[in-house]
Amino acid sequence: MVPDMDMVVADDWNNFNDNNEPEIGYTNKIINCFDESALELALRLADSNQHDAKEKVCVVTIADDKSDKMMQTIMSLGVHAIRIEDKGTFKNNPHALAAIIQKVICKSGSFDAILFGAQAGEYDNGQTGLITAEMLGLPCITEVTYAVEQKGLLVVTHQTDYGIETLYTEPPVVLIVGNAQDVTLRIPTLKEKLAAKNNKIETFSLDYLDLDRDELIKMDQRIPGRLFFEKTKRQCFYIEGTDSKEKAEHLYREVLRNAICKEA
Amino acid sequence: MKMKIAIVLILTESNIPKETYGVIGCAGVLANSAKAQISIWLLGGDCSTALGEAVGLPIHKIVYLEDEKLKEYVPEVYLDACVQMEENLRPDLVIFAGDKAAKEISVRFAYRCGVQAVNDCVAVGWRDERLELTKPVYSSNLYINYQLTEKPAVITIRSGLFNAGLTSFSATPSIHKFEFTPKAACSWLKGREMVSKSEDILSEAKTVLICGRGACGGNRMALLKKFAQKIGAQIAGTRPVVHNGWLPLEALVGQSGKKIAPEICIVIGASGATPLMTGISGAKRVIAINSDEHAPIFEWADVGLIGYYEEILNEIMLL
């Protein structure tokens, strides 16, 4: 769960609290776009198996109870939900996040596919899924755009530096979902929401997972400085005109024609 | 002892990718002030073309690992190779060059070396004899500096920010072959097939037309494509545009897509959210067309036109 950064008032990016965090606490908590795609892909994998999603898909978040509203909505899609209690201590510590997720996976049983969103949008490390794969000793496929089960194999389509390819893989694998098309997260119906309203989010503490908070904090070896804002904007020259025709003429004659001719 | 900087290049194609030249420029900045030695590690199934190109680069040493097992890109095999090279060559700083492969291998490589990678660095330098890196956070709205003390330091660099000309020395690199013993078990991979080969037309384009969500949908892509053709531009899109399938994945520009640096970048129907601007910050000239006079895009543009783009483009098509 991440703050909805589209809600942030531009000036607030330069307004920090005593913990050196931007003052954006008023924003809603949302699922980040990559996690949304990952969840939808997981649901489609479950659909293709013709089983209840709840038996098949487990959603894990590391957050405080502010995320419960969103988790409740996710649960109406028929999935099992686990929240590890944390007030944001580890959001910039991918090693700690991976260690927590690894423990949850080990405690919760076996999975055929472990899906992650590519990055969270706050500290943009993009490392948690990769490190979790390393900790679990599992193969990892990044930039996943689609996955489907075929005859016991996970057929995974992903972007690479050399193009888009499909891999036929034997589970279990870690899949890191990047930019994917047409995998917008489905919306639960009112009926589904009502059916799931009494479902409980399973909440784990670090103690329950046999993890020590201080040891987890120490896993980040980087020495961070303060967050800072840097204005890198440009000086805009506006094309004037009484109507679209005049503006178009000015744009073409004063800017585009010369620039494009010069390029040619 | 002289500090050792290694630039790792995963050769998923035969040539040295364009982004590598920026990484060499970045390594040059660090090497100049620390009197460091720069090596490039070439890993691939066939390094011959890249070797020929690397000889002309401003680096001290080329170490290449050419092996049948590296003919197909399997990250676990490349990781194995990188770790074995690290164990033998002991670099102080490892910079992974490239895009997707660099991102994934660098993080896993760092984990196997017992350190933590810092990705997407936009500035590098030394402070108190420590490597200091600047990285964008909060969807590139803010920045943070990190200092790294553990060795090897492992980083990736945001493309388009450095150029190879920043190195101030010229040296003829020595060439060394490296042999490795593949250990990774890849029995999990039962088969693979290419869906489509990528063509990196955006990185080379002089003029790029960026379509935002406000410009797409319905039949409006046809006008945008026609306009792009008239002005000789390559067409690209923001994340929502690509996500909705209006343009292919390769056309995505922004924080999670391509970072481009064309001569002219025309942005239509995009509000100007920071993640998009991250992808075009290297553009020499940004021209924005938007009907909302308060759209943040105008703060990032050199030239702005407030108006309805369909009317504007239709008029330009007549000129």
Side-chain angles (χ1 to χ4, degrees), chain A residues 5 10 13 22 95 118 121-127 130-131 134 139-140 142-143 145 153 157 159-170 173 178-179 181-182 220-225 227-230 232-234 236-239 244-245 247-249 251-252 255-256 259-260 263-264, chain B residues 12-13 73 76 98-101 103-104 107-108 111 115-116 118-119 137-139 141-148 150 188-198 206-207 231-232 242-243 245 249 252 256-257 263-264 286-287 298-305 307-308 311-312 315-316 319:
Chain A
M5 289 187 220
W13 287 121
H95 278 75
E122 282 180 287
Y123 282 88
D124 288 327
N125 289 301
Q127 300 192 10
L130 293 159
I131 298 168
E134 285 295 304
C140 179
T142 59
E143 302 281 350
T145 59
L153 295 181
T157 303
Q159 275 191 299
T160 70
D161 288 326
Y162 46 89
I164 296 173
E165 74 174 347
T166 297
L167 302 177
Y168 295 81
T169 68
E170 191 172 81
V173 288
N179 293 303
Q181 291 183 308
D182 304 320
D220 191 353
Q221 300 168 342
R222 304 165 300 179
I223 304 168
L227 286 175
F228 63 97
F229 174 77
E230 201 168 76
T232 52
K233 294 173 183 177
R234 303 179 187 216
C236 187
F237 159 76
Y238 285 92
I239 300 283
S244 294
K245 187 176 181 200
K247 286 181 187 175
E249 276 179 10
L251 176 65
Y252 187 70
V255 184
L256 285 179
I260 291 158
E263 286 316 308
Chain B
T12 53
E13 303 279 5
Y73 177 65
E76 283 70 19
D99 187 12
K100 295 178 174 64
K103 271 190 212 164
E104 65 175 323
V107 174
R108 299 175 71 182
Y111 178 82
V115 295
Q116 186 164 355
V118 179
N119 283 347
V137 291
Y138 283 90
S139 296
N141 286 293
L142 298 173
Y143 295 87
I144 190 167
N145 288 334
Y146 289 111
Q147 289 188 357
L148 299 183
E150 303 293 325
W188 59 274
L189 185 56
K190 300 296 181 192
R192 64 199 306 163
E193 62 191 45
M194 279 305 291
V195 177
S196 61
K197 287 281 276 179
S198 70
K206 300 280 186 198
T207 308
I231 61 167
V242 170
H243 195 81
L249 282 169
L252 174 61
S256 62
E263 295 291 326
I264 302 167
V286 175
I287 301 168
F298 292 118
E299 293 180 23
W300 300 92
D302 301 288
V303 177
L305 192 156
Y308 292 97
E311 291 175 17
I312 304 289
E315 291 294 344
I316 292 176
L319 295 172

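Order of the sequence lines fixes the chain letters, A, B, ..., with proteins taken first and strands second; residue numbering starts at 1 for each chain. Since the structure is predicted, the reported quantities are computational estimates derived from the model, not experimental observations.
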Heavy-atom pair with the smallest gap, counting every atom of Cys140(A) and Glu104(B): O-OE1, 4.3 Å
- prompt: How far apart are the closest heavy atoms of Thr12(B) and Tyr162(A), and which atoms are they?
  reply: CB-CD2, 3.5 Å
Which one of [options] has the most heavy-atom pairs closer than 4.5 Å to chain B?
options: Cys236(A), Gly225(A), Ser244(A); value: Cys236(A)
options: Glu249(A), Arg234(A), Glu165(A); value: Arg234(A)
options: Asp124(A), Thr142(A), Asn125(A); value: Asp124(A)
options: Thr169(A), Thr166(A), Asp182(A); value: Thr166(A)
options: Glu143(A), Glu170(A), Arg222(A), Gln127(A); value: Arg222(A)
options: Glu230(A), Gln181(A), Lys247(A), Met5(A); value: Gln181(A)

query: Within a radius of less than 6.0 Å around OH of Tyr238(A), do more than 12 heavy atoms belonging to other residues, nucleotides or ligands occur?
result: yes
- request: Could you tell me which residues satisfy side chain to side chain contact (heavy atoms under 4.5 Å, CB included) with Glu315(B), sequence neighbours excluded, listed by chain and number?
  value: Lys245(A), Ala248(A), Leu318(B)
- line: Okay, Gln221(A) and chain B: the region with an atom under 4.5 Å from a heavy atom over there is both
Heavy-atom pairs under 4.5 Å with chain A, option from [options] with the top count:
options: Gly191(B), Gly257(B), Gly245(B); value: Gly191(B)
options: Leu142(B), Val115(B), Val107(B); value: Leu142(B)
options: Ile312(B), Leu305(B), Asp302(B), Asn119(B); value: Asp302(B)
options: Asp99(B), Val286(B), Val137(B); value: Val137(B)
options: Tyr138(B), Trp188(B), Tyr143(B), Tyr73(B); value: Tyr138(B)

For the [atom1] atom of [X] and the [atom2] atom of [Y], what is their distance to the nearest 0.5 Å?
X: Ile164(A); Y: Met194(B); atom1: CD1; atom2: CE; answer: 8.0 Å
X: Leu249(B); Y: Gln159(A); atom1: CG; atom2: CD; answer: 4.5 Å
X: Leu256(A); Y: Ile287(B); atom1: CG; atom2: CD1; answer: 5.0 Å
X: Ile316(B); Y: Tyr252(A); atom1: CD1; atom2: OH; answer: 8.5 Å
X: Asn179(A); Y: Leu252(B); atom1: CG; atom2: CG; answer: 4.5 Å
X: Ile144(B); Y: Tyr123(A); atom1: CD1; atom2: OH; answer: 5.5 Å

message: Can a donor-acceptor pair be found, under 3.5 Å and without considering hydrogens, that links the side chain of Asp161(A) to the backbone of Ala101(B)?
response: yes
In terms of heavy-atom proximity below 4.5 Å to chain A, should [X] be classed as side chain, backbone, both, or neither?
X: Glu193(B); value: both
X: Gln116(B); value: both
X: Glu150(B); value: side chain
X: Leu189(B); value: both

query: Is there a side-chain contact between Phe228(A) and Asn145(B) (heavy atoms, below 4.5 Å)?
result: yes
